[in-house]
Amino acid sequence: FFRAWGFALMPSNVAHKYIATMARKHHAPAVHTLAVSPFHVFVHEYVVPSLVSAVVGGTTFAVADVATQKMEMYLTKKVKKDKHHKEEKAELDWKRLVIFAKSGVVSGLWTGLWFPLLTAVIPPTSITSVAILTAIDNFQNLALIAATQAYSAMEMGANPMITLKNDWPPMAVFTIAVHVPTDMVVFLLLKSAVAQSSLSLVVDALSTLMLSYFTFRNIETPAPAKSLDTIKPESDKVLT
């Protein structure tokens with residue numbers, strides 16, 4: 001579960017994948033009595049974690065967006081007014097929620113494949129390899145953030161280039177400022193796997209909240225168009 005959670009949260013960091021790799025090595029049987037086909041290895045190591053990560057990613061993104069919207073409502077005290085100028089409570093933006101959840105599914109599916117392949121090519125066995133993995137991982141994070149923001153903007157009917165121009169830079173700064181030190185602390189200072197995974201999960205959860213905010217803060221849900229049947233004349237007077 002924690003392996004899938006680590007795969008799905010975005011931006012993820014290398015610590016989750018390193019812990020998962022060490023766990024697989026620790027629990028691997030010493031002697032293999034039966035030959036395992038490459039297909040079964042691929043399904044077990046890549047397909048299954050990616051599918052689970054997609055589910056966890058969609059759920060995580062949905063929960064994060066609900067929390068972000070609730071915080072936005074509380075902090076900004078948004079109100080809607082009807083034609084009679086009566087205040088209405090701000091409601092959850094379900095379209096935004098569904099869009100962000102879908103991006104979480106895609107993110108989980110991608111990272112479920114990305115990190116096993118990345119750590120297979122560059123095993124995190126030294127400080128140098130950890131530094132390389134951290135750099136590659138965070139570069140991938142920045143690209144994934146841009147893809148999430150652009151997709152969300154297009155789905156919401158906004159200009160993705162404007163969204164990227166205004167909202168990608170602060171999210172990129174946040175990601176680099178938080179995840180690079182976190183990776184270093186996890187690998188170099190924390191020895192307990194529980195402490196490593198706990199810190200990583202907290203940071204990734206915070207990152208998902210921030211991603212929701214910086215993706216939608218300048219995007220408004222377009223108001224539904226009124227049909228001709230619902231448009232009432234301003235006056236009931238009949239000209240004679």
From CG (Leu211) to CZ (Phe216), nearest 0.5 Å: 8.5 Å

Flag for Trp110-Gln140: side-chain donor and acceptor within less than 3.5 Å: yes

Test log, rule side chain to side chain contact (heavy atoms under 4.5 Å, CB included), inputs Glu155 and Lys95: CA-CA 9 Å; Glu155 287 290 299; Lys95 181 178 180 180; 5.7 Å; no

Single-linkage hydrophobic cluster, 4.5 Å side-chain cutoff, Leu142 and Met210 together: yes

Donor-acceptor contact below 3.5 Å, side chain Ser103 vs main chain Phe100: yes

Common cluster, Val203/Val185, ILVMFWY with side-chain heavy-atom separation under 4.5 Å: yes

Taking every non-hydrogen atom, the tightest pair across Ser207 and His179: OG-NE2, 2.7 Å

Side-chain H-bond candidate by donor/acceptor type, Asp65 with Ser212, under 3.5 Å: yes

Chi angles and distances behind the side chain to side chain contact (heavy atoms under 4.5 Å, CB included) call for Leu144, Ser107: CA-CA 8 Å; Leu144 202 52; Ser107 174; 3.7 Å; yes

Asp167/Thr163 under side chain to side chain contact (heavy atoms under 4.5 Å, CB included): CA gap, chis, key distance, verdict: CA-CA 6 Å; Asp167 299 315; Thr163 298; 3.9 Å; yes

hydrophobic_cluster_shared for Ile99 and Val63, side chain cutoff 4.5 Å: no

Asn138 to Val180 - nearest heavy-atom pair and separation: ND2-CG2, 3.7 Å

Euclidean distance, Thr175 OG1 relative to Ile145 CD1, rounded to 0.5 Å: 3.0 Å

Co-membership, hydrophobic cluster, residues Phe139 and Leu117, 4.5 Å side-chain: no

Pairwise distance CD1(Ile127) to OG1(Thr134) - rounded to 0.5 angstrom: 11.5 Å

Check: Leu206 and Val178 side chains under 4.5 Å, non-hydrogen atoms: no

Minimum side-chain heavy-atom gap Pro160-Gln149 below 4.5 Å: no

Short side-chain to backbone donor-acceptor contact, Asp137 and Leu133, under 3.5 Å: no

Any Val66 side-chain heavy atom under 4.5 Å of Phe61 side chain: no

Within-4.5 Å side-chain heavy-atom neighbours: Leu109 and Val105: no

Beyond-backbone contact of Asn166 with Ile162, side-chain heavy atoms, under 4.5 angstrom: yes

salt_bridge(Lys70, Glu91) N-O dist < 4.0 Å: no

Shortest non-hydrogen contact between Leu209 and Ala64, atoms and distance: CD2-O, 3.3 Å

Check against side chain to side chain contact (heavy atoms under 4.5 Å, CB included), Asp93 and Leu97: CA-CA 6 Å; Asp93 189 336; Leu97 175 60; over 6 Å; no

Partner set under side-chain contact (heavy atoms from CB on, under 4.5 Å) for Ile136, not counting sequence neighbours: Trp114, Leu118, Ile122, Ile132

Cluster link Leu164 to Met171, ILVMFWY, side chain under 4.5 Å: yes

Test item: Arg96 and Ile219 side chains (from C-beta on) under 4.5 Å apart, heavy atoms: no

Tyr213 side, atom OH; Gln69 side, atom CD - distance, nearest 0.5 Å: 13.5 Å

Test item: Arg217 and Thr68 side chains (from C-beta on) under 4.5 Å apart, heavy atoms: no

Leu92 atom CG, neighbour heavy-atom count above 12 within 6.0 Å: yes

